[in-house]
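The figures that follow rest on heavy atoms only: side chains count, while hydrogens, waters and symmetry mates do not.
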Amino acid sequence: MFEHTSAFSGFSVDDIPAAKRFYGETLGIRVSEENGMLTLHIAGDRNTLIYPKPDHTPATFTILNFPVDDIESAVDELASRGVQFEFYDGADDKGVFRRVGPPIAWFKDPAGNILSVLQQS
């Protein structure tokens, strides 16, 4: 039934202008706005919808993962742009978790949703 659909993902935020600044300026993703909602134009035609929700509750799981070639450089660059990393048990002094799976570091958007950068093998 859906094998040829152009499905896309979406998530909510409580402040569209703050999300537009964060995703567009801080993270450097191409963002468009229409009908009070944002579209993140992610490489590979993987658009993601961001919609306003007045009673927004931040996701308690990672909603977007950004693969990077060098996690150290990515974490340093994001930190220089004001991104604050989460420090989960087992993370190093930069917030990078290396115990299981690829090196990964988590951070939050202005609405409190959890995002990550993870190093590709």
Side-chain angles (χ1 to χ4, degrees):
M1 180 171 159
F2 294 122
E3 64 267 15
H4 300 290
T5 187
S6 296
F8 60 92
S9 182
F11 58 90
S12 70
V13 298
D14 54 2
D15 184 337
I16 289 290
K20 186 175 185 179
R21 282 189 305 277
F22 179 76
Y23 287 97
E25 296 171 18
T26 303
L27 299 186
I29 298 171
R30 189 168 61 89
V31 178
S32 63
E33 186 171 2
E34 188 174 340
N35 300 317
M37 297 180 283
L38 301 177
T39 298
L40 301 180
H41 300 280
I42 298 173
D45 292 327
R46 299 186 187 277
N47 291 343
T48 301
L49 179 70
I50 300 177
Y51 56 92
K53 188 172 182 226
D55 62 344
H56 166 76
T57 300
T60 58
F61 51 88
T62 309
I63 61 165
L64 279 176
N65 297 286
F66 296 100
V68 296
D69 293 326
D70 180 352
I71 194 140
E72 296 291 330
S73 296
V75 167
D76 290 345
E77 175 65 24
L78 289 168
S80 77
R81 294 176 182 209
V83 172
Q84 294 183 0
F85 286 87
E86 300 297 303
F87 286 86
Y88 296 120
D89 186 38
D92 66 16
D93 61 341
K94 289 186 177 185
V96 179
F97 183 84
R98 301 173 190 275
R99 287 188 181 172
V100 178
I104 184 168
W106 292 274
F107 58 100
K108 293 181 179 178
D109 73 2
N113 295 310
I114 301 169
L115 314 172
S116 83
V117 287
L118 66 140
Q119 185 168 308
Q120 295 180 317
S121 299

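We find that R98 and D92 are joined by a salt bridge, their nearest charged nitrogen and carboxylate oxygen being less than 4.0 Å apart. A salt bridge between K94 and E72 is present, with a side-chain N of the basic residue lying under 4.0 Å from a carboxylate O of the acidic one.
In this structure, D55 places its CG atom where more than 12 heavy-atom neighbours from other residues, nucleotides or ligands lie under 6.0 Å away. More than 12 heavy atoms of other residues, nucleotides or ligands lie within 6.0 Å of CD in Q120, so this atom counts as buried by the packing criterion.
Looking at every heavy atom in both residues, P110 comes nearest to A18 through CG-O, 3.9 Å. Nearest heavy atom pair, residue P58 against residue A111, reads CG-O, 3.2 Å. Residues S116 and I104 come closest through the heavy atom pair OG-CD1, 3.6 Å. For the residue pair A79 and F85, the shortest heavy atom distance occurs at N-CE1, 4.2 Å. Here the shortest heavy-atom pairing between P67 and N65 reads CD-O, 3.4 Å. Nearest approach of I71 to L118, heavy atoms of both residues: CD1-CA, 4.0 Å.
Counting heavy atoms from C-beta outward, I16 and E33 have side chains that approach closer than 4.5 Å. Considering only heavy atoms from C-beta on, F11 comes within 4.5 Å of L64 through its side chain. With contacts defined as side-chain heavy-atom distances shorter than 4.5 Å, the pair D109/V13 qualifies. L115 has its side chain within reach of F22: a pair of non-hydrogen atoms, C-beta onward, lies under 4.5 Å apart. Contact check for Y23 versus I42: no side-chain heavy atoms found under the 4.5 Å cut-off. No side-chain heavy atom of V75 sits less than 4.5 Å from a side-chain heavy atom of F107.
The aromatic rings of W106 and F97 are tilted relative to each other, their planes meeting at an angle between 30° and 60°.
Going from atom CG of N47 over to atom OG of S9 covers 11.0 Å, rounded to the nearest 0.5 Å.
One hydrophobic cluster holds both F61 and I50 under the rule that ILVMFWY side chains link at heavy-atom gaps under 4.5 Å. A single hydrophobic cluster is seen to contain both V31 and L27, as judged by linkage of ILVMFWY side chains at heavy-atom distances under 4.5 Å, directly or through other members.
Listed for the D14 side chain is no donor-acceptor partner under 3.5 Å among the backbone atoms of H56. Side-chain atoms of N113 come within 3.5 Å of backbone N or O of S12 as a donor-acceptor pair. Not one N or O on the side chain of Q119 forms a donor-acceptor pair closer than 3.5 Å with the backbone of P103.
Remark: E77 pairs with R81 by the side-chain hydrogen bond (donor to acceptor under 3.5 Å, both in side chains) rule, at least two apart or across chains.
The hydrophobic cluster containing Y51 also includes F8, M37, L49, under a criterion of side-chain heavy atoms closer than 4.5 Å among ILVMFWY residues, counted directly or through chains of members.
The only member of T39, I29, L40 that meets side chain to side chain contact (heavy atoms under 4.5 Å, CB included) when paired with T48 is L40.
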